[in-house]
Amino acid sequence: MSFLSKVRASNPLVHNITNIVVANFSANGLLALGASPFMADAHEEVADIAAMSGAVVLNIGTLNDYAIESMLLAGKAANRHNVPVVLDPVGAGATAYRTDVTHKLVNHMQITALRGNVAEVAHVVGESWSIKGVDAGAGDGDVAALAVQAALKLKCVVIVTGKEDVITDGSTTYVVSNGHPVLTKVTGTGCLLSAVVGAFLAASEGAWLEAAAEALSFYGVAAEIAEERSRMQGPGSFQVEFLNQLALVTPEVYAARSRIQRLEH
Ligand code: ATP
Ligand code: TZP
Ligand code: MG
Ligand code: MG
């Protein structure tokens, strides 16, 4: 059974501590996929929710000190209960505050998967890469080598997204070439992707790397079909059609269009 089928069959609860820009889009995207979103950040309840969830997704997009404490409480509870944790280090490197917070989070909990653009991932592991706000700047470094370095350092799956996505645990590396540039014209497509990775991890029974690679490819296939159906209508129509396709893409359609390549080290 594909991980996509497992997500839809198990309807995993995904606990999100996320930013104010994308909370609604992320919840609707998870629902469309077949997961069950729970957005909550109160200190009094995040540990309880993390413990009962299939995955915890931490996103620093609109950061403040209250949210940091929420993330620490949720992440540590997830670790205690063997619940996978996804970290989206939105804008790491853009300000010292964001960079410092990502260091604190990865030092105080075991992350299962780190998902960001190349500049964000670089800054989480102390490397430099140009960055413009929450978007990656131009750069000509070796993205796969950076991802492997980050995975070995953090002992987790690292997912670096862009035109092509690199997914690695430090020893096995996949490159996914599904997707469409219009994804960069809708805010929150990276954040929703991190939440979708959480849903796939929740349904993966520990096969983190393979589940993450399938999540990336599935997400890209949904975007490709949504773009075909909304072509000439602009990013607003794409956004709606993309949510539709997260629900409608079948395992068979996914398998026919999936482009996952294993990189030789
Ligand atoms: P950024 O803020 O730099 O845009 P992000 O957090 O929004 O980063 P992205 O790197 O845009 O995340 O990735 C979100 C999704 O968009 C991923 O599925 C990725 O594969 C896809 N994507 C990004 N850029 C392209 C592109 N040029 N062509 C095809 N797919 C893309
Ligand atoms: N500002 C702070 S968080 C955020 C913006 C625009 C959303 C970023 O979403 P994504 O998925 O990284 O494009
Ligand atoms: Mg983007
Ligand atoms: Mg992002």
Side-chain angles (χ1 to χ4, degrees), residues 16-30 33 39 41 57-64 67 71 86-95 97-99 101-102 113-124 129-139 141 143-144 146-147 158-167 174-200 212-228 231 235 238-239 242-243 245-246 249 254 257-261:
N16 298 265
I17 300 177
T18 192
N19 68 71
I20 59 167
V21 182
V22 306
N24 176 274
F25 183 52
S26 299
N28 275 320
L30 285 169
L33 169 65
M39 329 314 262
D41 66 356
V57 181
L58 307 178
N59 179 307
I60 70 162
T62 49
L63 198 53
N64 56 60
M71 291 183 197
V86 179
L87 174 63
D88 188 330
V90 183
T95 65
Y97 182 51
R98 281 169 193 265
T99 309
V101 167
T102 57
L114 174 72
R115 200 297 306 170
N117 65 44
V118 61
E120 292 162 347
V121 171
H123 283 90
V124 173
W129 203 287
S130 68
I131 188 158
K132 190 180 77 183
V134 296
D135 295 329
V143 175
L146 171 75
V158 170
I159 302 159
V160 182
T161 53
K163 184 170 185 297
E164 293 189 323
D165 308 311
V166 177
I167 303 103
Y174 296 107
V175 176
V176 168
S177 49
N178 295 108
H180 192 279
V182 70
L183 280 166
T184 65
K185 300 298 175 198
V186 176
T187 193
T189 53
C191 301
L192 170 56
L193 170 61
S194 297
V196 165
V197 168
F200 274 71
E214 187 175 314
L216 269 287
S217 181
F218 163 75
Y219 197 81
V221 167
E224 290 167 13
I225 298 172
E227 190 279 332
E228 289 163 11
R231 197 166 288 170
F238 168 77
Q239 183 179 17
F242 182 52
L243 288 178
Q245 293 306 320
L246 290 175
V249 171
Y254 162 70
R257 296 185 65 138
S258 171
R259 291 198 300 274
I260 305 178
Q261 178 199 344

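Position 1 is the first residue of the sequence, and the numbers go up from there. Counting convention: from 1, in listed order, for ligands and their atoms alike.
- Nearest heavy atom pair, residue Val57 against residue Gly198, reads CG2-CA, 4.2 Å.
- The residue among Thr161, Leu193, Val118 with a heavy atom at the shortest distance from atom 10 (O) of ligand 1 is Thr161.
- Every atom of ligand 1 is numbered from 1 in the order shown, and the set under 4.0 Å from a heavy atom of Gly179 is 29 (C), 30 (N).
- Here the side chains of Arg257 and Ile225 are in contact, with some heavy-atom distance below 4.5 Å.
- Although no hydrogens or angles enter the test, the distance criterion places no donor-acceptor pair under 3.5 Å between the side chain of Arg115 and the main chain of Ala195.
- Only the backbone of Thr189 comes within contact range of ligand 2, with a heavy atom under 4.0 Å; no side-chain atom does.
- Taking only nitrogen or oxygen atoms, main chain and side chain alike, Asp165 reaches within less than 3.5 Å of ligand 1.
- When the heavy atoms of Val21, Thr18, Leu63, Asp88 are ranked by distance to atom 1 (N) of ligand 2, first place goes to Val21.
- Classified by interplanar angle (parallel below 30°, tilted 30° to 60°, perpendicular above 60°), the ring pair Phe25/Phe242 is tilted.
- Closest non-hydrogen pair, Phe218 versus Leu246, comes out as CZ-O, 3.5 Å.
- Within the listing of ligand 1, atoms 18 (O) sit less than 4.0 angstrom from a heavy atom of Tyr219.
- Between the side chain of Tyr219 and the backbone N or O of Thr189 there is at least one donor-acceptor pair closer than 3.5 Å.
- Nearest residue to atom 6 (C) of ligand 2 from Thr187, Leu193, Ile60 is Thr187 (criterion: closest heavy atom).
- When all heavy atoms are compared, the tightest approach of Ala113 to Ile159 is CB-CD1, 4.4 Å.
- In this comparison of Glu120, Glu164, Arg115, the heavy atom closest to atom 6 (O) of ligand 1 sits on Arg115.
- For Asn178, the side-chain hydrogen bond (donor to acceptor under 3.5 Å, both in side chains) test picks out Ser217, Glu224, with sequence neighbours left out.
- Residue-ligand proximity, Gly188 to ligand 2, at heavy-atom distances under 4.0 Å covers atoms 9 (O), 10 (P), 11 (O), 13 (O).
- The atoms of ligand 1 that sit less than 4.0 Å from any heavy atom of Asn117 are 1 (P), 2 (O), 3 (O), 8 (O).
- Near Gly190, meaning under 4.0 Å from any of its heavy atoms, are these atoms of ligand 2: 11 (O).
- Annotation: Thr189 places no N or O atom under 3.5 Å from an N or O atom of ligand 1; distance criterion only.
- For ligand 2, the atoms lying closer than 4.0 Å to a non-hydrogen atom of Cys191 are 8 (C), 9 (O), 10 (P), 11 (O), 12 (O).
- In this view, Gln245 and Glu241 satisfy the side-chain hydrogen bond (donor to acceptor under 3.5 Å, both in side chains) rule, not counting sequence neighbours.
- Backbone and side-chain nitrogen or oxygen atoms of Val186 are examined, and none is located within less than 3.5 angstrom of a nitrogen or oxygen of ligand 2.
- Between Asn178 and ligand 1, no N or O atom pair is found at a separation short of 3.5 Å.
- Near Thr184, meaning under 4.0 Å from one of its heavy atoms, ligand 1 places the atoms 23 (C), 24 (N).
- Among all heavy-atom pairs drawn from Ser194 and Val86, the shortest one is O-CG1, 3.7 Å.
- Heavy atoms of Pro181 approach ligand 1 to within less than 4.0 angstrom.
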- Query: So Phe200 and Leu216, side-chain contact (heavy atoms from CB on, under 4.5 Å) or not? Walk me through it.
  - Reply: CA-CA 10 Å; Phe200 274 71; Leu216 269 287; over 6 Å; no
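- Not a single N or O atom of Val22, backbone or side chain, sits closer than 3.5 Å to an N or O atom of ligand 2.
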